[in-house]
A.B. asks: 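One structure, pasted below without further comment.
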Number of protein chains: 2
Amino acid sequence: MPDMGRWEPNARGRLERAALELYIERGYERTSVAEIAERAGLTERTFFRHYADKREVLFGGSSALQELLVGTVARAPEPATPMEAVAAALEAAAAVLQERQEHARRRQAVIAANAELQERELIKLASLSAALADALRQRGVDDSSASLAAEAGIAVFKIAFRRWTEQAEQKDLSQFIGESFAGLKAVTAGT
Amino acid sequence: MPDMGRWEPNARGRLERAALELYIERGYERTSVAEIAERAGLTERTFFRHYADKREVLFGGSSALQELLVGTVARAPEPATPMEAVAAALEAAAAVLQERQEHARRRQAVIAANAELQERELIKLASLSAALADALRQRGVDDSSASLAAEAGIAVFKIAFRRWTEQAEQKDLSQFIGESFAGLKAVTAGT
DNA sequence: CAGCTGATGTCAGCAACTGTCATCGGGTAC
DNA sequence: GTACCCGATGACAGTTGCTGACATCAGCTG
């Protein structure tokens with residue numbers, strides 16, 4: 001791809017695509033930022049203007065996901081319990097992810113192969129949890145319940161998402177989330 | 001501390017102590033590995049022989065904690081439910097941490113001030129969760145329940161631990177864990 | 001006392017990331 | 001239409017985390 005020109009549009013999109021391709025082709029560790037930038041028709045310095053580090057380029061969508069979760073909790077009907085509001089938010093996220101399933105699988109395979117990327121994913125999930133808890137408090141839920149419902153919801157999501165990406169069949173993420181919620185309820189009931 | 005000599009004992013202990021001191025004094029980011037090594041009477045290269053990276057030096061005790069959790073789950077009485085086994089494990093961990101409370105507080109303040117360290121802590125907690133789930137499966141718990149009980153337990157621990165380190169009074173970590181378990185049960189019940 | 005072994009020191013080097021300044025393209029004012 | 005302005009990019013030097021390769025040293029073993 002010679003000479004993309006300095007002002008080609010969608011620099012971020014090109015960087016994200018180039019990075020995912022290279023991480024799949026040669027692995028995360030054996031890919032240098034200079035290579036990503038080159039494939040995107042940009043320089044290394046410009047990469048770091050768009051993304052704080054080499055990991056972040058795989059998580060461009062996480063802020064949108066966070067907004068979706070927070071918005072769904074905020075707009076949950078009044079009588080909903082904290083866990084119901086969280087469940088609704090996860091269902092909304094599941095619907096979005098269900099679309100780009102193949103992209104999600106590829107991306108997850110890259111993350112599963114590298115510890116640094118797993119760390120970044122975990123802190124993104126922690127950020128989602130914190131945002132969910134905030135949204136719940138906004139609804140008048142007490143501090144402790146808000147944190148617990150948010151953490152429990154994210155735990156459910158983690159497990160459901162893993163099963164979804166690892167499955168051979170074609171069950172919906174939404175189903176896995178439902179099953180995991182039921183499992184959590186069962187496991188916490190008899191304590 | 002001039003000329004510690006090449007063969008002073010307890011190199012790891014000296015490195016951990018020096019690192020924590022410097023992270024407190026000047027912050028994690030403004031501390032170089034060379035400085036840590038110097039204060040410990042060693043070289044930078046030797047630091048990296050003991051710890052994989054600059055973060056890991058703060059997490060030397062995590063493998064012992066993991067063994068404690070796994071061992072407690074394994075030795076839990078036969079009729080214990082998954083969550084009861086997990087709760088017993090967390091209580092055992094709490095007893096250990098309750099001892100070095102001041103050290104835990106200092107350490108946590110450093111971690112709270114830096115995102116890289118938070119990432120590392122999160123992956124350590126994820127590792128604890130995976131180990132707990134394994135120990136539960138060893139007891140015959142089904143896959144899904146094992147993962148869910150482990151994740152829920154770690155979520156409870158995270159929240160209890162945070163409250164414990166932030167409190168002004170002197171309530172025991174064990175109490176916070178009990179309260180958080182009760183809160184989780186309440187929040188998951190009415191879904 | 002000679003040799004072996006494991007821990008440490010020394011040195012060179014790569015890649016991630018940052019600060020600084022120059023440069024360019026596209027829009028705006030007049 | 002020309003001059004100007006501004007945000008995005010390039011160019012380049014520098015720091016630091018981290019690694020590989022080889023030398024060196026203390027203590028043990030025979």
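Sequence lines set the chain letters: A, B, ... in the order given, protein chains first and strands last, and positions in each chain run from 1.
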A.B. asks: Strictly below 4.0 Å, N to O, side chains only: are B:R105 and B:E102 in salt-bridge contact?
C.D. replies: yes
A.B. asks: Mind running side chain to side chain contact (heavy atoms under 4.5 Å, CB included) on B:L132 and B:S129 for me, showing each step along the way?
C.D. replies: CA-CA 5 Å; B:L132 276 176; B:S129 173; 5.7 Å; no
A.B. asks: Would you please confirm or rule out a distance under 4.0 Å between OP1 or OP2 of D:dA8 and any side-chain N or O of A:H50?
C.D. replies: no
A.B. asks: Can you confirm whether A:E169 is buried at CD, in the sense that more than 12 heavy atoms of other residues, nucleotides or ligands lie under 6.0 Å from that atom?
C.D. replies: yes
A.B. asks: What is the distance from CZ of B:R26 to C1' of D:dT16, rounded to the nearest Å?
C.D. replies: 14 Å
A.B. asks: Which heavy atom of A:A133 sits nearest a heavy atom of A:A146, and at what distance?
C.D. replies: O-CB, 3.6 Å
A.B. asks: Could you check whether atom CZ of A:R100 has more than 12 heavy atoms from other residues, nucleotides or ligands sitting under 6.0 Å from it?
C.D. replies: no
A.B. asks: Could you run through nucleotides 10-17 of chain C and give me one letter per nucleotide, 5' to 3': B if any protein heavy atom sits under 4.0 Å from the base, S if only the sugar-phosphate is that close, - if neither?
C.D. replies: BB----SB
A.B. asks: Nearest whole angstrom, please: distance from the C1' of D:dT9 to the CG of A:L15.
C.D. replies: 12 Å
A.B. asks: Let me know the distance between CG of A:L42 and P of D:dA11, rounded to the nearest Å.
C.D. replies: 11 Å
A.B. asks: Check whether any side-chain heavy atom of B:S174 sits under 4.5 Å from a side-chain heavy atom of B:Q98, and report yes or no.
C.D. replies: no
